[in-house]
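Computed over heavy atoms, backbone and side chain alike; hydrogens, waters and symmetry mates excluded. Given the structure is predicted, the values throughout are model-derived calculations rather than measurements. Residue indices begin at 1 and follow the sequence shown.
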Amino acid sequence: MPSSFSARTLLLDLDGTLVDTAPDLAACLNRLLTRKGRSPVPAQTVRHLVGHGARALIERAFSRTGEAASPERIDEEL
């Protein structure tokens, strides 16, 4: 058995297991919310909004900060 391992691709799961990405996600999300005239949300809140991709994150954030966004409006943001 070889003593070294060689790989061409390395995939990481960055959902908070290996790296805390909530502050970066919050910064990006809050930039969008502010640009749309909505209140920013704290990073701790973003931790509870994450899951099921960017679309779900934006939908949840819009619902939390005012009127829910239509699917068409979210498509514009993605």
Side-chain angles (χ1 to χ4, degrees):
M1 179 173 232
S3 62
S4 65
F5 177 76
S6 176
R8 294 182 145 219
T9 304
L10 177 63
L11 300 175
L12 298 175
D13 179 14
L14 300 178
D15 67 352
T17 304
L18 300 175
V19 177
D20 182 9
T21 57
D24 294 323
L25 287 171
C28 292
L29 181 62
N30 285 330
R31 186 173 295 145
L32 169 66
L33 291 171
T34 301
R35 196 173 74 217
K36 297 301 178 180
R38 295 174 182 249
S39 299
V41 292
Q44 190 59 34
T45 299
V46 173
R47 291 177 195 281
H48 299 289
L49 301 178
V50 171
H52 305 289
R55 175 179 297 282
L57 176 62
I58 294 170
E59 287 174 353
R60 292 170 182 160
F62 270 60
S63 293
R64 185 170 285 254
T65 60
E67 184 180 333
S70 68
E72 296 81 21
R73 187 169 181 191
I74 291 179
D75 286 340
E76 292 171 7
E77 305 306 331
L78 292 176

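- Considering all non-hydrogen atoms of both residues, Val46 and Ala22 come closest at CG1-O, 4.4 Å.
- Taking Ser70 as the reference, Glu72, Arg73 meet the side chain to side chain contact (heavy atoms under 4.5 Å, CB included) condition, with sequence neighbours excluded.
- The two residues Ser39 and Leu33 make their nearest non-hydrogen contact at O-CD1, 3.7 Å.
- Going from atom CZ of Phe62 over to atom CG of Leu49 covers 12.5 Å, rounded to the nearest 0.5 Å.
- Legend: residues meeting salt bridge (Lys or Arg N to Asp or Glu O under 4.0 Å) with Arg38, ordered by chain and number and at least two apart, are absent.
- Here the straight-line distance linking atom CG of Leu29 with atom CG of Asp24 works out to 12.5 Å at 0.5 Å rounding.
- Taking each heavy atom of Ala43 and Pro23 in turn, the nearest pair found is CB-CA, 4.5 Å.
- Remark: Ala56 pairs with His52, Arg60 by the side chain to side chain contact (heavy atoms under 4.5 Å, CB included) rule, at least two apart or across chains.
- The side chain to side chain donor-acceptor pair (under 3.5 Å) search around Gln44 returns Arg47, not counting sequence neighbours.
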